[in-house]
Amino acid sequence: SDFIEDVMFVSLNTPDEFIGSIDRIRIAEDHIVVWDGTKNDIFVFSRSGELLSSIKRHGRGPQEYVSIGDIDIYGETIVVFDDETSNVLRYDMKGKFIDKTSVCEGVQMIADKKGNYVVFSGYDFEDYEVTCYDDMGSIVYETMKVEGKRASLPILFNNAMSLTEY
């Protein structure tokens, strides 16, 4: 086919866990990372579907998130965007906390190929709809300056983000 090179079905084995809803799946070289939006939990599976670890860090502490707005992976790092506190938290695949970075308010986030965080904020929050931060929280670039009232809807496909204006 011109679009699909290979298909693989994996049954996710959750012996003591129940996944309420799958809001996002990210696939790394050796892992499958699932965000359960109902419980606000993150599950890490092997590529064969074995549950390896979970991240359940709800709260307002330094290693915790209040409300997951999005997740992504960069290498072997899980990147969590907390849309309630405007923080990006990083965990390893075993669920161990790495660090936290403050970013602008936003509604969606992806990690780019350089490990930066690209945050879609929308016109209600900031002067720019898209802001890119490095892992220290410094702005790398801003784009799509807000002029007047308009809404852009983020569309994620295969770890690439495009924006559609309405």
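When reading the values below, keep in mind they use all heavy atoms of this one structure, side chains included, and skip hydrogens, waters and symmetry mates.
Residues Val66 and Asn40 come closest through the heavy atom pair O-ND2, 3.2 Å. Nearest heavy-atom pair across Ser53 and Gly95 is OG-N, 4.1 Å. Here the closest heavy-atom approach between residue Asp36 and residue Thr38 is recorded as OD1-N, 2.9 Å. Closest of all the heavy-atom pairs between Ala28 and Gly75 is CB-O, 4.0 Å. Of all heavy-atom pairs between Gln63 and Tyr91, the closest is O-OH, 2.8 Å. Here the closest non-hydrogen pair linking Phe9 and Val7 is CE1-CG1, 3.7 Å.
In this structure a side-chain-to-backbone donor-acceptor pair under 3.5 Å is missing from Arg24 to Asp70.
Using a 4.5 Å cut-off on side-chain heavy atoms (C-beta onward), Ile68 and Ile42 make contact. Contact of the Asp41 side chain with the Ser54 side chain is not registered, since no non-hydrogen atoms from C-beta on lie closer than 4.5 Å. Counting heavy atoms from C-beta outward, Thr14 and Ile19 have side chains that approach closer than 4.5 Å.
In the hydrophobic clustering of ILVMFWY residues, with side-chain heavy atoms under 4.5 Å counting as a link, Leu52 and Ile32 come out apart.
Each of Val79, Ile55, Asp72, Ile71 was scored for a side-chain contact (heavy atoms from CB on, under 4.5 Å) with Val33, with one residue passing: Ile71.
Residues passing the side-chain contact (heavy atoms from CB on, under 4.5 Å) test with Asp92 are Lys94, Lys96, Ile98, sequence neighbours excluded. Applying the side chain to side chain donor-acceptor pair (under 3.5 Å) rule to Ser46 yields the partners Ser48; only residues at least two apart in sequence or on another chain are considered. Contacts of Thr85 classified as side chain to side chain donor-acceptor pair (under 3.5 Å), with partners at least two apart in sequence or in another chain: Asp82, Asn87. Every residue was checked against the side-chain contact (heavy atoms from CB on, under 4.5 Å) condition with Ser11, not counting sequence neighbours, and none meets it. Evaluation of the side chain to side chain donor-acceptor pair (under 3.5 Å) rule for Asp23 yields Ser21 as partners, not counting sequence neighbours.
Atoms CG and CZ, from Asp99 and Arg90 in turn, are 4.0 Å apart once rounded to the nearest 0.5 Å.
For the ring-ring contact (aromatic ring centres under 6.0 Å, His included) condition, the pairs that include at least one residue of residues 24-60, sequence neighbours left out, are His58-Tyr65. Annotation: salt bridge (Lys or Arg N to Asp or Glu O under 4.0 Å) contacts involving residues 49-67, sequence neighbours excluded, comprise Glu17-Lys56, Arg60-Glu84.
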* To do: Output, in order, the C-alpha distance, side-chain angles, deciding distance and verdict of side-chain contact (heavy atoms from CB on, under 4.5 Å) for Arg47 and Ile27.
  => CA-CA 8 Å; Arg47 292 291 296 258; Ile27 300 174; 3.5 Å; yes

